[in-house]
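Read the structure below first, then the notes.
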Amino acid sequence: MKRTHHCNALRPADAGKNVTLMGWVDTKRDLGGVTFIDLRDREGVTQVVFRPDSKVQETAQRLKSESVIEIAGLVTVRSPDTVNPKLATGQVEVVATSLVVHNACADLPFPMEDDKADKVNEDLRLEYRFLDLRRPRNLGLLKLRHKAARAIRAELDDQGFIEVETPTLFKSTPEGAREFLVPSRLQPGQFYALSQSPQQYKQMLMVAGVERYYQMARCYRDEDLRADRQPEFTQVDLEMSFIDREDMYALIEGILKRAWKEAIGVDIPTPFPRMSYREAMDRFGIDKPDTRFGMEIQDFTALFAGSAFKVFREAATTSGSVVRAINAKGLADLTQGELTNLENIAKAAGARGLAYIKCEGGEWKSPIVKFFSEEEKAALRQKLDIADGDIVFFAAAPWEQASTILGRVRLESAALLRAKGRLAIPADRYDFLWVIEFPLMLWDEEEKRYLSAHHPFTAPVPEDEPLLATDPAKVRGQHYDIVLNGVELGGGSIRIHDTAVQKRVFEDVLKIPADVVASRFGYMLKAFSYGAPPHGGIALGFDRVVAMLAGRSSIRDILAFPKTQSGQDLMAQSPGVATAKQLRDLRIRVVDEEPKAKG
RNA sequence: GGGGUGGUAGCUCAGUUGGUUAGAGCGCCUGCCUGUCACGUAGGAGGUCGCGGGUUCGAGUCCCGUCCAUCCCGCCA
């Protein structure tokens, strides 16, 4: 049993050769006398002919789709009127002289033709993932993922990086994402946590002198799932010593450029634009702006400081509050349901309501326009470029909240406009963007203390370091996020490598008790006192990178065996129950859910 | 934890104000067919309408609960 060719290989030049092909029955066309089989393997399709004079035609007539067969036969050039131009091998066919059925396929649970299969319920396809993946379109996604990984590894290798594997059995780090706990049998009552990131280990590798580390790191987070979030996912995780932010930008731009080129043949221009967090929030109302379309936020705080409209006047004259607006061009004819939905989105972001002006038939239709002076209307019209068919949305709130409200409304409005065919974004448009100068700390109203905006190892911008003691909220971190078309591909930072600064951040700014710092991060502080080089790193969400390359919105599509939104693998049926012995060994008792308190 | 959408034949779907025996296309099965490539053609089988309860003379259809999938919010240092 030896295959001579893949199913995409044969051409007229191969005529006269005796070949052996193996693969799956793609389709069968039984004409009573002659029978045709399209034989498919991972590379392509070849037509095989079974003639009545062959001993195997009767077997061929009984073949079922997706059975695995081996055929041997003679490569023959097709007559001109029977050439199939849709097939790479369409000028030839193999006239079969032998046929072996290696595995007959049962009745299929869903059609395998790409266009039909794509519409089949995802849960059924996930249960039969081995079949769904067999479709050329989906095998192509696995190949694409492979190409992207290969390009990234090649670039990192060229740049002097060493791939090092770090443990995924780590310990709990409670201030991060919820973790998967793993009970320790040898240390009863104690638990590992599956690593949510190799963060601390990779910093130790820098202290160890590795200088340039990377890893295609499997990470785990026990949070609710989304189209772009799985409980286990892969990060291109890397760390470098003796660098600054500019080195990191150049490196990542090189990696992504190479991945785009080698995976999908697209040249992306570098360097990428950069935008401060402040500017991103001001203009787009989000820290990962989609800059493929405008609809930018405009400020009218000064304009409404003396307005007759009390809601706007009060916001405009309150310190820290703003009055801002966006113009959703061409969306004035939205339905009542769509408007209500936008209102709900605004309310979820903290708005009390969603003030708007519809401009239709040369008229401004709005519950609030009667309060506006001519001067205010003129300023709005001019700055927002208001024309017939537009609808303007307002937010009057503290700066960050107003930004978030309009940022959400902007994205939803764009989605509506795209659905109505009034906003066209080319599928091959890639707007990469660095978002930089994030605040290092955020004040947590519930806990009445500062929390790290990203993680506590991020170094402050040098000129802001004195503010750590006086006004931590004003300190900008040396953090950077890489954003593509409104999707956060990854983020990282230059780290603190000084024991004293790290200790101050932990204890004085974040107010983590000294004993907790010692037990959780003691080894890091210890390491930093033994020759820690200045260093920084980043982690790219590899699944998201591949999804963007593939033009897919769900990372389930580009994972071989993804989990559903409730965290289950429908094919393997995980998770499952543990045996009594396993639980005994781990000293774990499963208790019934406590009845919900009735209120 | 919250909001939206969906669940009817193996698959994709239709199913009217609640009313006789729940339909279509594809797939499957059985014939016929020697140049098809979405082969064609004739016939056939196939349904606990996700599950449980309720209203009703009568429920795929109305009500309540629940499960599953999915999108989003919260969450994701």
Side-chain angles (χ1 to χ4, degrees), chain A residues 26-39 45-53 57 61-62 64-66 76 78-87 89-90 93 95 106-128 131 173-179 196-197 199-200 219-231 233 337 340-341 344-350 404 408 411-412 415 440-442 444 450-458 477 479 488 491 493 510 512 520 541 553-554 556 563-566 568 570 596:
Chain A
D26 196 68
T27 51
K28 177 183 73 181
R29 293 177 294 281
D30 178 9
L31 274 60
V34 67
T35 301
F36 298 96
I37 299 284
D38 284 347
L39 186 64
V45 172
T46 299
Q47 174 165 282
V48 181
V49 190
F50 296 87
R51 296 245 164 85
D53 53 354
Q57 198 227 1
Q61 286 177 311
R62 286 198 304 270
K64 296 194 61 167
S65 286
E66 296 304 320
T76 311
R78 298 199 201 181
S79 68
D81 55 318
T82 61
V83 162
N84 183 352
K86 285 187 248 173
L87 228 50
T89 59
E93 60 195 5
V95 180
D107 284 350
L108 294 168
F110 56 83
M112 296 284 285
E113 297 93 336
D114 276 333
D115 292 332
K116 286 181 187 168
D118 280 346
K119 290 183 194 153
V120 173
N121 267 335
E122 196 180 3
D123 53 343
L124 184 70
R125 287 187 285 127
L126 287 178
E127 182 186 342
Y128 291 91
L131 281 178
T173 52
E175 51 282 300
R178 188 184 296 118
E179 297 159 316
Q196 39 174 307
S197 144
Q199 183 64 34
Q200 297 182 32
C219 302
Y220 305 86
R221 290 180 190 170
D222 189 11
E223 295 289 351
D224 284 359
L225 278 56
R226 290 277 197 288
D228 61 350
R229 292 187 345 213
Q230 283 273 306
F233 57 101
T340 304
N341 187 40
N344 289 338
I345 286 167
K347 282 177 186 166
T404 305
R408 296 257 175 89
L411 287 177
E412 183 61 25
L440 191 62
M441 316 278 173
L442 298 171
D444 189 283
Y450 286 99
L451 294 178
S452 295
H454 289 93
H455 60 57
F457 316 116
T458 301
H479 180 95
E488 182 191 331
S493 62
L510 298 177
I512 304 174
R520 238 179 253 164
S553 54
S554 168
R556 287 189 300 273
K563 292 184 174 56
T564 67
Q565 199 163 43
S566 54
Q568 290 175 298
L570 297 178
K596 282 179 189 166

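Chain identifiers are assigned alphabetically (A, B, ...) following the order of the sequence lines, protein sequences preceding nucleic acid strands; residue numbering begins at 1 within each chain.
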rA38(B) OP1/OP2 closer than 4.0 Å to side-chain N/O of K86(A): yes
Sugar-phosphate, base or nothing in reach of L124(A), heavy atoms under 4.0 Å: sugar-phosphate
Touch class at under 4.0 angstrom, heavy-atom based, for Q568(A) against every strand present: sugar-phosphate
By side chain to side chain donor-acceptor pair (under 3.5 Å) - contacts of Q568(A) (at least two apart): S566(A)
Contact under 4.0 Å: Q57(A) side-chain N or O vs rU34(B) OP1/OP2: no
Distance between C1' atoms of rC67(B) and rG52(B) (Å, rounded): 10 Å
Could I get a table of every N or O pair under 3.5 Å where one atom is in the protein and the other is in nucleotides 26-28 of chain B?
from	atom 1	to	atom 2	distance (Å)
rC26(B)	O2'	K116(A)	NZ	3.0

C1' gap between rG7(B) and rU12(B), integer Å: 13 Å
Whole-angstrom distance between rU55(B) and rA9(B), as gauged at atom P: 28 Å
Sugar-phosphate or base contact per nucleotide [nucleotides 70-76 of chain B; S, B, -; heavy atom under 4.0 Å]: BBSBBBB
F36(A) ring over rU36(B) six-membered base ring, under 5.5 Å and 30°: yes
Stepwise side chain to side chain donor-acceptor pair (under 3.5 Å) test for T173(A) and E179(A): CA-CA 8 Å; T173(A) 52; E179(A) 297 159 316; 2.9 Å; yes
Whole-Å C1' distance, rC76(B) and rA14(B): 41 Å
Separation of rG10(B) P from R125(A) CZ (nearest whole Å): 19 Å
Sugar-phosphate only, base, or nothing, as touched by N84(A) at under 4.0 Å among non-hydrogen atoms: base
Side chain proximity check, Q47(A) to N84(A), heavy atoms < 4.5 angstrom: no
Sugar-phosphate, base or nothing in reach of D81(A), heavy atoms under 4.0 Å: nothing
Separation of rG7(B) C1' from D123(A) CG (nearest whole Å): 9 Å
Euclidean distance for C1', rG15(B) against rG54(B) (whole angstrom): 24 Å
Gap in Å between the two P atoms, one belonging to rC63(B) and one to rG27(B), rounded: 38 Å
N or O in side chain of R29(A) less than 4.0 angstrom from rC39(B) OP1/OP2: yes
Same-atom distance (C1') from rU61(B) to rU16(B), integer angstrom: 10 Å
Audit row: T564(A), E122(A), side-chain contact (heavy atoms from CB on, under 4.5 Å) steps and yes/no: CA-CA 9 Å; T564(A) 67; E122(A) 196 180 3; over 6 Å; no
